[in-house]
Amino acid sequence: MLSGKFRSALVIGGQGIRARKLRTFLSMVSLFLGVLAVVTVQAGAEIAERAMLTDVELQSGKDGTMMGYIPGEKGAPGIVEATLKGRADAVAMISSKAVIGEPGVRPINEGGMPFEYANRGGDYSGPSVYCDAGGVCQEQKPQEKKPDGQAIEVSMVALTGDIRPFKPFRPVSGNWLDFGSAPSLAPRIVLNEEAAKGLRMYRVPGEMMIEGATHHVSPQIIGVVQDGYGQPRVYLRLDELRTWMPAPAATSELDRFRGGGTGLEVYLQPGSDDLQQLLKAKLVGAGIEQNNLHFRVVNSKERMESQLKIMRLIFLGMAFLVLLIGVAGILNVGLATVGERVEEFALRRAVGMSRMLLAGIVLAETLLTGLLTAALAIGAGAAGLQVALMMFGSRFPSLQGTTFPWEAGVAGVIAGLLAGVLGGLIPAIRAARIPIATVMRA
Amino acid sequence: MTAPQVQVQAPLLQLNGITKVLKGQEEPRTILSGVDLTVHPGQSVAILGRSGSGKSTLLSLIGLFDRADEGQYFLHGNDITKLPERRAAALRSAEFGFVFQRFFLLKHLTAAQNVAMALVNGQGWSARRKRKQQVMDALEQVGIAHLAKSKPSRLSGGEQQRVAIARALVRQPRVILADEPTGALDTETGNLVVEVLLNTTRQGCGLVLVTHDHDHARKMGRVLELRDGRFN
């Protein structure tokens with residue numbers, strides 16, 4: 001239940017605003033820009049943070065995910081596959097290389113580079129040297145140079161389950177891998193945008209050579225996703241790959257040094273400590289050194305926030321300056337209005353109003369003006385965002401599904417209230433000091 | 001045999017030796033010097049005097065707009081000489097009704113809203129319907145209920161002053177303090193306004209009227225003249 005004083009302040013404040021519409025409007029104009037600046041900065045920062053986070057999550061994984069790097073040696077891929085089989089709270093990604101197109105030729109983007117840099121020459125023809133752990137180095141035989149042909153090289157990522165709960169890949173076209181169905185003999189693959197770009201640019205035969213596989217395979221392309229990587233990548237089910245690679249590879253140190261062999265990444269949901277311990281125990285038991293097992297919690301947001309904090313503070317500082325101009329507008333109009341309403345205020349005190357309530361009325365007017373302005377600025381900000389998304393949303397996929405952040409709304413309301421208080425305080429104090437005898441001397 | 005009952009009516013307000021000195025100038029100027037005044041319920045008092053004789057200052061002291069430098073002020077027998085401002089505001093709302101020479105109606109409000117101003121002053125809160133009824137009763141009392149929705153700019157001087165009187169009456173005060181209420185009105189309208197004010201005394205309300213008009217003063221129960229800060 002509102003008190004009589006509070007109600008009186010609101011009623012009289014509302015009457016004051018209605019009686020001086022033009023003045024209220026004029027004081028709202030400059031304040032509107034100030035509050036809009038605060039709303040825009042806050043909304044921009046929130047949206048930028050979310051967009052950046054979404055992009056980072058594509059590569060690094062969602063915040064809180066436990067991520068593990070495991071060397072692909074001593075049967076580790078097989079151990080990981082067996083341990084994670086049938087589990088929804090953990091997924092392993094096993095990476096290797098594959099070539100799609102003509103067999104036995106040099107791929108257009110040798111090394112799996114982005115197609116932007118393909119066919120630019122710069123072939124390295126020097127000696128290849130390998131140094132072992134003891135520091136003994138020896139020259140390797142140069143690999144036989146293959147003839148140029150119609151093939152593209154991609155990173156091939158085999159998955160033990162659906163990776164999207166950990167890495168929110170954005171669908172571009174087609175479907176994602178279905179892990180519930182029976183494995184297919186012809187592996188179903190999903191391309192990332194760069195791989196799809198390669199297939200669009202070059203007419204290559206639909207044959208895939210997988211490093212370490214026993215035969216060439218004819219994949220079925222079922223979809224394209226945005227995965228945040230600039231290099232061409234294809235994703236497929238590990239069990240469909242196993243048809244062509246029956247035994248988990250136990251690669252040598254030399255293979256790993258050359259960039260070949262198997263890279264293993266494991267993603268565990270937060271709270272999967274038991275599974276992590278089990279996996280480590282099995283891997284250590286297989287002879288992998290504990291020091292080579294690296295697990296860490298993904299905390300991209302925290303890292304990003306510290307980077308964004310300075311930017312946000314700078315922009316908020318600028319917005320605050322604009323807001324101060326709005327406050328000055330309210331203050332100016334407020335002081336002028338108090339000067340004009342000396343008799344009214346004296347009369348109100350004469351009929352029993354306290355100084356405090358009189359100050360409250362002036363503050364209520366500026367607060368209502370500030371809130372009204374904030375509501376308009378927030379509405380304009382939200383509408384502006386919708387228009388911007390309609391116009392430019394397609395150019396920035398990370399902005400898809402973006403909504404007006406509530407934090408910006410709260411910032412706008414706070415800015416409006418703050419401006420109302422700052423702009424109304426001095427006029428309120430002046431109004432409260434008007435002597436009642438003014439009405440007697442008038 | 002029983003003794004006859006003597007009913008002694010306590011004074012509504014009583015001022016004893018009130019002195020007010022105007023400071024802040026080169027030399028302090030004594031505006032009121034040892035003024036005594038007693039007003040009983042239903043009594044009307046006219047205060048005459050030249051400009052600068054201290055009439056309005058006395059009224060502002062009675063109405064708790066200002067404080068006396070010396071003397072004592074009793075309201076219903078209670079000493080309110082050194083009342084804090086917050087309680088003074090509550091007393092102004094509950095006990096006093098003010099009528100001024102200029103009507104001080106807010107031009108953006110209707111007659112009814114101007115009257116309701118005295119009810120929406122933070123001293124308690126009544127429901128809208130009750131407020132409306134109180135306002136209409138007060139306007140009825142001064143004979144302009146039909147003008148409730150009119151803005152001041154559409155009212156004559158006499159009508160505006162009656163709206164101001166309705167504003168003073170709406171809280172049913174014990175004392176009406178009127179500072180030259182007919183000063184801006186023609187004789188006929190002035191007489192009408194004085195009649196309306198006198199009517200309030202018939203309902204037990206005290207009336208202190210500051211005026212220059214001897215005809216109006218003669219209609220009051222008592223006439224006092226201020227000269228050099230003292231009653232003659």
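Just so we're on the same page: letters track the sequence lines, and every chain starts at 1. Because only heavy atoms are used, hydrogens play no part in the values below, and waters and symmetry mates are left out as well, while side chains stay in. Quick caveat, the model's predicted, so the values are computed rather than measured.
A salt bridge does not link A:E340 to A:R20: none of the charged nitrogens lies less than 4.0 Å from a carboxylate oxygen. The pair A:R341-A:E365 counts as a salt bridge, with a side-chain nitrogen and a carboxylate oxygen less than 4.0 angstrom apart.
Among the candidates A:R18, A:R355, A:Q15, A:M356, the residue making the largest number of heavy-atom pairs closer than 4.5 Å to chain B is A:Q15. If you tally non-hydrogen atom pairs under 4.5 Å between each of B:E85, B:R86, B:Q113 and chain A, the highest count goes to B:E85.
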Check: residues 25-39 of chain A side-chain donor-acceptor pairs under 3.5 Å, at least two apart:
residue : atom : partner : partner atom : Å
A:S27   : OG   : A:R23   : O            : 3.3
A:S27   : OG   : A:T24   : O            : 2.9

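Neither the backbone nor the side chain of B:R171 comes within contact range of chain A; no heavy atom of the residue lies under 4.5 Å from a heavy atom of that chain. Using a 4.5 Å cut-off between heavy atoms, B:L109 contacts chain A through its side chain alone, with no backbone atom that close.
No side-chain heavy atom of B:T211 sits less than 4.5 Å from a side-chain heavy atom of B:I47.
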